[in-house]
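Written below as structure tokens is the structure these notes are about.
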Amino acid sequence: MRARMAERRLSSDFYRRDAVTVARDLLGRVLARRLPDGRLLRAPIVEVEAYDGTRDRASHAFPGRTLRNAPMFAAGGIAYVYLIYGMHHCLNLVTGEADHPAAVLVRAAAWPEDPKAASGPGKLARAFAIDRALNGASLLGPDLWLEEGTPVPARAVARTRRIGVDYAGSWAARRLRFYVKGHPSVSGPRDLR
DNA sequence: GGTGCGATTGCA
DNA sequence: GCAATCGCACCA
């Protein structure tokens, strides 16, 4: 008998598509992290949000390129990690071509044996021990990567406006958040449109 | 050099 | 409903 085939990693081609396409396609994919002490952490993604281009008022790229948001301007396939409210880290996966700032915020994953451990972007970063040391890190490297997992069928995907961006005017109403319907690890309100 | 605030979370 | 807590963008 043979061992279960190792999960294939998502390649750079996966990330070099527009942020909304990547966001939708990320549901069911497995986020994987190798800790410095050797431990392996893995959990399927169940909630994401797309941030695409400098016209998106909710995006960190809206003011144009700065020191902070520079990773968003790179070609897809690296992480963009920032500190929010002075205490929580958020993991983003940079997408698209170089010089087009775009990324997908990973908001929740189905943590094994504790559905709430990675429910919300700050909690997810904490669960995976992700901080700014991983800002700009390759998603094809030894520390952080994604595996094919099991894509989620269209009937199981919900699409709503994004969380926590009410300041973004008309962009706040855009339905750029995707999550797995009814999944216990999804964060935030369930009654959004 | 000073000021304002946030792609959140947890507790009162 | 609101405090916690700090890097960084922006202005002087």
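Model, not experiment: these values are computed from the prediction. Naming convention: chains lettered A, B, ... in sequence-line order (proteins, then strands); numbering from 1 in each chain.
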Fill in: Whole angstrom value for the distance that separates C1' of C:dC8 from CZ of A:Phe62
18 Å
Discussion item. Please report the distance, rounded to the nearest Å, between NE2 in A:His60 and C1' in C:dG7.
Written reply: 12 Å
Practice prompt. Name the closest nucleotide to the A:Tyr80 side chain, picking from C:dG7, B:dT9, B:dA7.
Written response: B:dA7
Worksheet item: Roughly how many Å is it from CG in A:Leu83 to P in C:dC8, rounded to a whole number?
Response: 8 Å
Worksheet entry | Identified pairing partner of C:dT5, criterion: Watson-Crick or G-U wobble below 3.5 Å | none
Worksheet item: For C:dC8, does either OP1 or OP2 sit under 4.0 Å from a side-chain N or O belonging to A:Arg132?
Response: yes
Worksheet, complete the sentence: Closest of B:dT8, C:dC10, B:dA7 to the A:Tyr167 side chain is B:dA7
Discussion item. With heavy-atom distances below 4.5 Å as the criterion, would you say the side chains of A:Leu192 and A:Arg177 are in contact?
Written reply: yes
Discussion item. Without decimals, in angstroms, what is the distance between A:His89 NE2 and B:dG6 P?
Written reply: 19 Å
Discussion item. Please determine whether ring pair (Phe, Tyr, Trp, His ring centres under 6.0 Å) holds for the pair A:His60 and A:Tyr82, giving the CA-CA distance in whole Å, both sets of side-chain angles, and the decisive distance to 0.1 Å.
Written reply: CA-CA 10 Å; A:His60 288 177; A:Tyr82 61 88; 4.4 Å; yes
Worksheet entry | Residue-phosphate contact under 4.0 Å: A:His88 side-chain N/O, B:dT9 OP1/OP2 | no
Worksheet item: For the side chain of A:Cys90, counting heavy atoms from C-beta on, which of C:dA9, B:dT8, C:dT5 is nearest?
Response: B:dT8
Discussion item. Regarding A:Arg68, tell me which of base, sugar-phosphate or nothing describes its non-hydrogen contacts under 4.0 Å with the strands shown.
Written reply: sugar-phosphate
Worksheet item: Going by heavy atoms in the side chains, are A:Asp25 and A:Arg17 under 4.5 Å from each other?
Response: yes
Practice prompt. For A:Arg65 and C:dA9, give me the distance from atom CZ to atom P, rounded to whole Å.
Written response: 12 Å
Item to complete: For A:Leu93 and B:dA7, give me the distance from atom CG to atom P, rounded to whole Å.
Response: 17 Å
Worksheet entry | A:Asn92 side chain, from C-beta outward: closest of C:dT5, B:dA7, B:dG10 | B:dA7
Practice prompt. Tell me whether the OP1 or OP2 atom of B:dA7 has a side-chain N or O from A:Arg177 closer than 4.0 Å.
Written response: no
Worksheet entry | Length of the line joining A:Lys123:NZ and B:dC11:P, which is rounded to integer Å | 10 Å
Discussion item. Rounding to an integer number of Å, can you tell me how far A:Tyr85 OH sits from C:dT5 C1'?
Written reply: 12 Å
Worksheet item: Just wondering, do A:Tyr82 and B:dA7 stack (centres under 5.5 Å, planes under 30°)?
Response: no
Worksheet item: Have A:Glu47 and A:Ser185 got a donor and an acceptor in their side chains that come within less than 3.5 Å?
Response: no
Worksheet item: So what does A:Arg126 hit on the nucleic acid, given a heavy-atom distance under 4.0 Å: a base, only sugar-phosphate, or nothing?
Response: sugar-phosphate
Worksheet entry | Close aromatic pair by centroid cut-off 6.0 Å: A:Phe128 and A:Trp111 | yes
Worksheet item: Do A:Arg57 and A:Trp171 meet the cation-pi criteria used here (NZ or CZ under 6.0 Å from the six-membered ring centre, within 45° of the axis)?
Response: no
Fill in: Assigned partner base of B:dA7, Watson-Crick or wobble definition, under 3.5 Å
none
Worksheet entry | Span that lies between the C1' atom of B:dG10 and that of C:dG7, in whole angstrom | 22 Å
Item to complete: Would you indicate what A:Gly122 reaches in the nucleic acid, counting non-hydrogen atoms under 4.0 angstrom: base, sugar-phosphate, or nothing?
Response: sugar-phosphate
Discussion item. Can you check the distance between C:dT5 and B:dA12, where both ends of the measurement are the P atom (answer in whole Å)?
Written reply: 15 Å
